[in-house]
Amino acid sequence: MAGVMVERLPLAEQEKLSPAGLQRFQKTPAPLSEYEMKRLQNIQDNAKFFAALNLLETASALKKKTKTHTPSRGLKRTVPKVQEVEGVRRRSMRLQRVDPSGTPLPEAPVQWDPLSGDDNPMKPAGPLDMTPVDEAEILGFLKVWKEASLDGPAEALKQPLSNLKGYKSRLRSMTLGEEQVAKVTKNRIFSVAIHPSESRTLVAAGDKWGQVGLWNLDDRSSDDGVYVFEPHSRPVGCLHFSPAHPAHLLSVSYDGTLRCGDVSKAVFDEVYRDESASFSSFDFLSNDCSTLIVGHWDADIAVVDRRTPGTSHELLGQVNSKTVRTVHMHPVDLNYFLTAGAGDVSIYDLRRMKPRGMRPVASLSGNTKSVGSAYFSPVTGNRVVTICADDRIRVYDTSSLHAESPPILLSLKHNNNTGRWLTRFRPVWDYKQEDCFVVGSMARPRQIEIFHESGELVHAFTNEDYLGSVCSINALHPTRNLLVGGNSSGRLHVFMD
DNA sequence: ATGTTATGACCCC
DNA sequence: TGGGGTCCCTAACA
């Protein structure tokens with residue numbers, strides 16, 4: 001803890017688990033809801049799918065596998081080259097930057113424009129096939145993902161908070177080995193997600209240029225279990241498996257689309273699209289995860305219902321700040337949501353959505369520069385953790401939602417200066433231990449840190465051999481001892497017991 | 001001043 | 001060699 005300055009403030013007592021909080025990670029409790037009907041329909045639809053699957057799997061099992069062992073998992077060194085289908089590519093002298101005699105012209109400053117080149121074209125509207133960028137066979141993988149999604153509600157969610165000592169020993173049991181590191185996207189990671197299954201280990205990451213990589217860690221066969229898709233064309237800022245139906249993987253992107261990767265259909269459906277906008281984040285609004293709240297970069301907030309046809313929002317408001325980097329629902333009272341952006345962290349009431357200048361219910365003041373993220377503690381919502389460019393991590397007491405200015409419990413000095421090439425840190429709470437959060441770090445040796453809300457460094461994950469870079473974006477499994485950290489070259493690191 | 005966004009410098013086959 | 005993989009604490013602009 002050298003160099004770390006902690007300002008301690010009084011702590012409120014620990015709250016009990018709330019049923020509403022629990023439900024976020026459980027199946028929809030209501031019997032025969034619309035969702036259940038839809039699910040039955042899906043089961044029928046999928047019968048055919050599995051029939052086809054069995055046939056193809058048999059066929060692929062007969063294929064000879066000759067791949068040699070490589071020390072690192074994930075995306076391979078040699079990416080299959082896309083052949084120029086048009087034969088010789090004609091380029092003008094001007095584009096080649098040579099004058100008519102063939103002598104090179106002096107280098108002109110080029111404004112790089114992703115929209116004009118064919119490097120990163122906007123994806124077409126409508127569903128995209130779930131075809132990996134290398135066109136690898138994925139039926140076997142989809143089967144795993146689908147089976148993993150059939151896990152019932154976790155008993156562990158109902159267990160009371162363990163004490164800090166017990167929690168520490170759980171963290172100590174989590175290790176990183178060669179098999180727990182893989183490159184899952186081509187470029188730098190902007191978001192990660194963990195499938196909630198207790199029987200299977202499935203993680204995902206979204207990158208700078210719209211890729212979403214999925215990694216099945218249980219796949220120890222000759223294949224490495226990594227499958228890379230490209231459902232977006234710009235950074236994938238936020239990624240979550242649906243807690244109510246984890247066969248769905250939802251993603252939002254700066255490209256102005258929100259998609260839902262659906263195993264049953266093997267497509268990335270388009271849920272919400274606004275080409276003139278840029279989406280930064282989203283959260284599930286209802287416990288059945290059918291409605292979503294989406295934060296736009298320009299401070300618009302949209303409510304989206306996945307059940308209605310079309311790709312527009314149901315409701316649009318604008319919060320009273322310059323930008324919205326993250327949006328997060330209160331886990332107990334689903335009328336309230338939290339936004340964080342440029343120098344502003346506020347709680348708003350959904351029932352008072354307005355087209356412009358919404359007045360917050362509460363303002364979480366103290367951040368003196370740009371705020372990277374803000375999240376409610378996931379079970380009670382009694383805490384909010386923020387991270388700011390002023391090199392502080394702050395924890396607020398939000399147990400009284402109508403306190404206009406929730407008190408700061410902690411202001412922790414932390415080097416958040418990630419610079420030009422690293423994704424900004426986003427501390428997230430641990431569902432298993434609601435008073436602790438995980439955050440990336442610039443400290444050497446490279447580490448991923450777990451802090452208690454008091455500012456105590458509870459644990460630092462390090463590994464001399466396999467963790468040599470900054471993991472900006474991290475996620476913790478809701479019940480298992482499992483941590484995923486993503487770095488700026490597309491690699492995931494999975495600490496587990 | 002604050003906040004955001006660009007695509008660099010190396011090393012290694 | 002050069003293109004791709006990898007890690008990372010800057011500088012211009014609005």
Side-chain angles (χ1 to χ4, degrees), chain A residues 3 68 70-82 107-117 119-120 133-134 181-190 205 207-211 213 224 226 228 233-235 237 253-255 277-281 295-299 321-326 339-345 365-374 386-392 413-426 439-448 463 465-473 485-493:
Chain A
T68 53
T70 46
S72 73
R73 303 181 76 167
L75 245 58
K76 289 307 172 291
R77 213 158 249 282
T78 44
V79 177
K81 280 279 180 207
V82 182
E107 199 65 29
V110 176
Q111 186 61 46
W112 184 75
D113 181 0
L115 299 175
S116 68
D119 284 311
N120 283 91
V133 291
D134 64 356
V181 179
K183 187 168 168 73
V184 300
T185 58
K186 190 167 189 303
N187 289 100
R188 99 188 215 211
I189 288 174
F190 271 64
D207 89 343
K208 168 125 187 159
W209 293 115
Q211 290 194 340
D224 56 29
V226 172
V228 187
S233 59
R234 302 279 291 147
S253 169
Y254 293 19
D255 69 11
S278 186
F279 305 156
S280 58
S281 57
H296 292 216
W297 197 252
D298 68 358
S321 67
K322 268 187 272 187
T323 58
V324 169
R325 299 187 99 97
T326 62
T339 63
D344 179 80
V345 182
S365 56
N367 292 284
T368 61
K369 287 190 175 179
S370 177
V371 184
S373 67
T386 65
I387 189 159
C388 184
D390 64 8
D391 279 348
R392 287 192 175 264
K413 189 93 175 119
H414 190 266
N415 183 358
N416 304 331
N417 187 2
T418 41
R420 181 176 181 181
W421 304 104
L422 299 187
T423 305
R424 287 154 90 135
F425 297 147
R426 295 206 287 254
V439 64
S441 173
M442 299 301 287
R444 291 180 187 272
R446 296 310 185 194
Q447 56 186 265
I448 300 169
N463 188 287
D465 299 316
Y466 305 115
L467 181 62
S469 59
V470 174
C471 285
S472 292
I473 302 292
N487 75 3
S488 65
S489 63
R491 297 180 91 93
L492 286 183
H493 306 74

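Values below: every heavy atom of this structure, side chains too, minus hydrogens, waters and symmetry copies. Reminder, nothing fancy here: chain letters follow the sequence lines and each chain counts from 1. As the structure is a prediction and not an experimental result, all values here were calculated from the model.
Residue Gly343(A) is in sugar-phosphate contact alone, with no base atom involved, counting any heavy-atom pair closer than 4.0 Å across all strands shown. Heavy atoms of Asn415(A) sit under 4.0 angstrom from at least one base atom. Base engagement by Ser488(A) is indicated by at least one non-hydrogen atom pair under 4.0 Å involving a base atom. Arg188(A) comes within 4.0 angstrom of nothing in the nucleic acid, heavy atoms only.
Ring planes of Tyr254(A) and Trp297(A): tilted class, angle from 30 to 60°.
The CZ atom of Arg392(A) sits 11.0 Å away from atom OG1 of Thr386(A), with the distance rounded to the nearest 0.5 Å. A distance of 10.5 Å separates CD1 in Ile189(A) from CD in Gln211(A), rounded to the nearest 0.5 Å. In this structure, CG on Asp344(A) lies 8.5 Å from OG1 on Thr323(A), to the nearest 0.5 angstrom. Separating the CG atom in Asn417(A) from the CG atom in Asp391(A) is a distance of 6.5 Å, to the nearest 0.5 Å.
For Arg444(A) and dC7(C), the shortest distance from a side-chain N or O to OP1 or OP2 is not below 4.0 Å. Under 4.0 angstrom from either OP1 or OP2 of dG3(B) there lies no side-chain N or O belonging to Thr323(A). Remark: Lys208(A) is not in phosphate contact with dT7(B), judged by side-chain N or O atoms under 4.0 Å from OP1 or OP2. Within the structure, a side-chain polar atom (N or O) of Asn487(A) is placed less than 4.0 Å from OP1 or OP2 of dC7(C). Taking 4.0 angstrom as the limit, Trp297(A) places none of its side-chain polar atoms (N or O) nearer than this to OP1 or OP2 of dG3(B).
Rounded to whole Å, the P atom of dA6(B) lies 22 Å from the corresponding atom of dC8(C). Only the C1' atoms considered, dA12(C) is 15 Å distant from dA1(B), to the nearest whole Å. Annotation: dT7(B) and dG3(C) have their C1' atoms spaced 16 Å apart (nearest Å). Of the P atoms belonging to dC9(C) and dT2(B), the separation is 23 Å, rounded to the nearest Å.
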Identify all pairs in which a protein N or O lies below 3.5 Å from an N or O of nucleotides 10-14 of chain C, and state each distance.
{"unit_1": "dT10(C)", "atom_1": "O4", "unit_2": "Arg420(A)", "atom_2": "N", "d": "3.2"}

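Put simply, CG on Asp207(A) is 16 Å from C1' on dC7(C), counting in whole angstrom units. In this entry the distance linking CG of Asp298(A) with P of dT5(B) reads 12 Å, nearest Å. If you take CG of Leu422(A) and C1' of dT5(B), they are 15 Å apart, rounded to a whole angstrom. When the P atom of dG4(C) is taken as reference, atom CH2 of Trp209(A) falls 16 Å away, rounded to whole Å. Atom CG in Asn416(A) sits roughly 16 Å away from atom C1' in dC8(C) (whole-Å rounding). dT4(B) atom P lies 15 Å from atom CZ of Arg234(A), rounded to whole Å. For His493(A) and dC7(C), the NE2 to C1' distance is 11 Å, given to the nearest whole Å. When rounded to the nearest whole Å, the span between CG of Asn187(A) and C1' of dG8(B) equals 14 Å.
For Ser441(A), the side chain to side chain donor-acceptor pair (under 3.5 Å) partners two or more places apart in sequence, or in a different chain, are Glu449(A). His296(A) is linked by a ring-ring contact (aromatic ring centres under 6.0 Å, His included) to Tyr272(A), Phe279(A), counting only residues two or more places apart in sequence or in another chain.
Of the candidate nucleotides dC8(C), dT5(B), dC7(C), dC7(C) has the atom lying nearest to any side-chain atom of Ser489(A). For Ala342(A), counting side-chain heavy atoms from C-beta on, the closest listed nucleotide (dG3(B), dC9(C), dC8(C)) is dG3(B). For Ser370(A), taking side-chain heavy atoms from C-beta onward, the closest of the listed nucleotides dT4(B), dC8(C), dT6(C) is dT4(B). In this structure, the nucleotide among dT6(C), dG3(B), dC9(C) sitting nearest to the side chain of Lys369(A) is dG3(B).
Of the options Asp224(A), Asp207(A), Val226(A), Val228(A), a side-chain contact (heavy atoms from CB on, under 4.5 Å) to Val184(A) is made by Val226(A) and by none of the others.
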Carefully, step by step, assess Ser370(A) and Arg424(A) under the rule side chain to side chain donor-acceptor pair (under 3.5 Å).
-> CA-CA 11 Å; Ser370(A) 177; Arg424(A) 287 154 90 135; 2.9 Å; yes
